[in-house]
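Have a look at the structure below before the remarks.
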Amino acid sequence: KQFKAKNLRAKTTDKLQESLKELRKELAALRVNQVSSAVASKLAKIRVVRKAIARTLTVLNEENKKELRAVFESKESIKAFNEKHKTNYTRNKLPKEFRPRLTRAMRRRLTKAQLNKKTLRQIKREQNFPQ
């Protein structure tokens with residue numbers, strides 16, 4: 001019950017980090033028990049704990065992303081962030097979290113402008129021999 005996303009979002013990041021540590025300790029203990037004596041209730045609890053860890057991490061990542069979004073609202077806040085974290089982000093060069101999440105092939109593909117560029121020879125041929 002306590003690891004519902006709604007309840008987790010109400011907690012502070014420090015408390016979330018704390019609960020994450022406890023959950024990971026509990027998972028380690030359950031895995032030790034799994035090896036020594038496979039009690040059915042303990043085995044079922046491993047899945048519950050893993051899901052709770054995943055939910056906690058999801059909420060933590062959402063919070064971090066929300067804070068970063070607030071930083072990248074204005075030029076002044078970006079400049080302050082860069083000085084604090086020794087980075088060199090601009091309005092055009094954003095952290096990877098804000099860039100579009102495409103496939104690797106799509107990220108490496110030529111842009112529309114690059115695709116439509118023509119060589120001097122192509123331009124001359126089209127001017128002299130229109131179709």
Side-chain angles (χ1 to χ4, degrees):
K1 287 279 184 189
Q2 70 184 39
F3 290 106
K4 295 275 186 201
K6 182 181 175 184
N7 300 338
L8 291 173
R9 285 190 181 94
K11 292 183 179 181
T12 62
T13 52
D14 295 332
K15 286 194 176 181
L16 285 172
Q17 294 282 5
E18 227 173 86
S19 67
L20 188 63
K21 279 183 185 175
E22 289 171 17
L23 284 168
R24 285 187 168 148
K25 282 181 187 174
E26 186 179 350
L27 183 62
L30 285 170
R31 290 220 167 108
V32 168
N33 284 344
Q34 180 186 19
V35 172
S36 60
S37 63
V39 181
S41 61
K42 297 278 186 185
L43 290 176
K45 187 123 198 269
I46 289 177
R47 182 174 186 270
V48 174
V49 173
R50 282 179 55 232
K51 300 296 178 188
I53 289 172
R55 282 191 199 100
T56 308
L57 283 171
T58 301
V59 171
L60 273 171
N61 288 332
E62 283 174 356
E63 293 295 320
N64 291 341
K65 217 173 207 182
K66 196 186 298 179
E67 288 171 16
L68 269 178
R69 277 209 202 301
V71 166
F72 283 88
E73 288 295 314
S74 68
K75 286 185 178 179
E76 295 81 29
S77 58
I78 292 173
K79 192 174 182 182
F81 180 85
N82 285 337
E83 288 171 7
K84 184 179 176 187
H85 297 282
K86 295 182 179 72
T87 57
N88 59 343
Y89 293 123
T90 61
R91 298 283 280 169
N92 296 332
K93 184 178 176 249
L94 296 172
K96 284 190 177 173
E97 290 92 16
F98 299 142
R99 297 179 202 166
R101 179 81 177 116
L102 307 169
T103 63
R104 187 170 188 266
M106 289 173 80
R107 288 194 302 267
R108 278 150 182 75
R109 196 165 46 192
L110 292 175
T111 62
K112 291 259 195 281
Q114 290 169 335
L115 280 170
N116 293 329
K117 276 193 172 176
K118 293 183 178 177
T119 63
L120 186 60
R121 182 177 176 155
Q122 282 176 313
I123 294 168
K124 283 183 180 177
R125 181 180 284 172
E126 286 174 4
Q127 284 174 349
N128 294 330
F129 306 104
Q131 292 195 357

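Quick caveat, the model's predicted, so the values are computed rather than measured.
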_Looking at every heavy atom in both Thr56 and Leu23, which two are closest together, and how far apart are they?_
OG1-CD1, 3.8 Å
_Using 0.5 Å steps for rounding, measure from the CG atom of Asn64 to the OG1 atom of Thr13._
7.5 Å
*Could you walk me through whether Val35 and Arg31 pass the side chain to side chain contact (heavy atoms under 4.5 Å, CB included) check?*
CA-CA 6 Å; Val35 172; Arg31 290 220 167 108; over 6 Å; no
*Is Lys11 atom NZ crowded by more than 12 heavy atoms from other residues, nucleotides or ligands, each under 6.0 Å away?*
yes
*Keeping the roles fixed (side chain from Asn7, backbone from Phe3), state whether a donor-acceptor pair exists under 3.5 Å.*
no
*With rounding to the nearest 0.5 Å, note down the distance linking CG in Leu8 to CZ in Arg55.*
8.0 Å
*Which pair of non-hydrogen atoms, one from Thr90 and one from Leu94, has the smallest distance, and what is that distance?*
O-CD2, 3.6 Å
*asked:* Taking side chain to side chain donor-acceptor pair (under 3.5 Å) as the definition, give me every residue that meets it alongside Lys65, ordered by chain and number, with sequence neighbours left out.
replied: none
*Once you round to the nearest 0.5 Å, how far does CG of Leu16 lie from CZ of Arg9?*
10.5 Å
_Please determine whether the number of non-hydrogen atoms from other residues, nucleotides or ligands lying under 6.0 Å from atom CZ of Arg121 exceeds 12._
no
_Could you measure the distance from the CD atom of Gln17 to the CG atom of Leu60? Nearest 0.5 Å is fine._
5.0 Å
*Under the side-chain contact (heavy atoms from CB on, under 4.5 Å) test, which residues partner Leu115, sequence neighbours left out?*
Leu110
_Arg99 vs Arg107 side-chain heavy atoms within contact, under 4.5 Å_ = no
*Any chance CZ of Arg50 has more than 12 other-residue heavy atoms, nucleotides or ligands included, within less than 6.0 Å?*
no
*Any idea which heavy atoms bring Ser77 and Ala70 closest together, and the distance?*
OG-O, 4.2 Å
*asked:* If we ignore hydrogens and angles and just use 3.5 Å, is the side chain of Arg91 paired with the main-chain N or O of Glu73 as donor and acceptor?
replied: yes
*Do you reckon Val59 sits in the same ILVMFWY cluster as Leu27, going by side-chain contacts under 4.5 Å, direct or chained?*
yes
*asked:* On a heavy-atom basis, which atom in Asn88 and which in Asn82 lie closest, and how many Å separate them?
replied: N-OD1, 3.7 Å
*asked:* What I'd like to find out is whether the side chain of Leu57 reaches to under 4.5 Å of the side chain of Leu20, using heavy atoms alone.
replied: yes
*Should we count CZ of Arg101 as having more than 12 external heavy atoms under 6.0 Å?*
no
*asked:* With rounding to the nearest 0.5 angstrom, report the CD to CZ distance, Gln131 to Arg125.
replied: 9.5 Å
_Starting from Val32 and following side-chain heavy-atom contacts under 4.5 Å between hydrophobic residues (I, L, V, M, F, W, Y), which residues can be reached?_
none
_Return the CZ to CG distance between Arg108 and Leu102, rounded to the nearest 0.5 Å._
11.0 Å
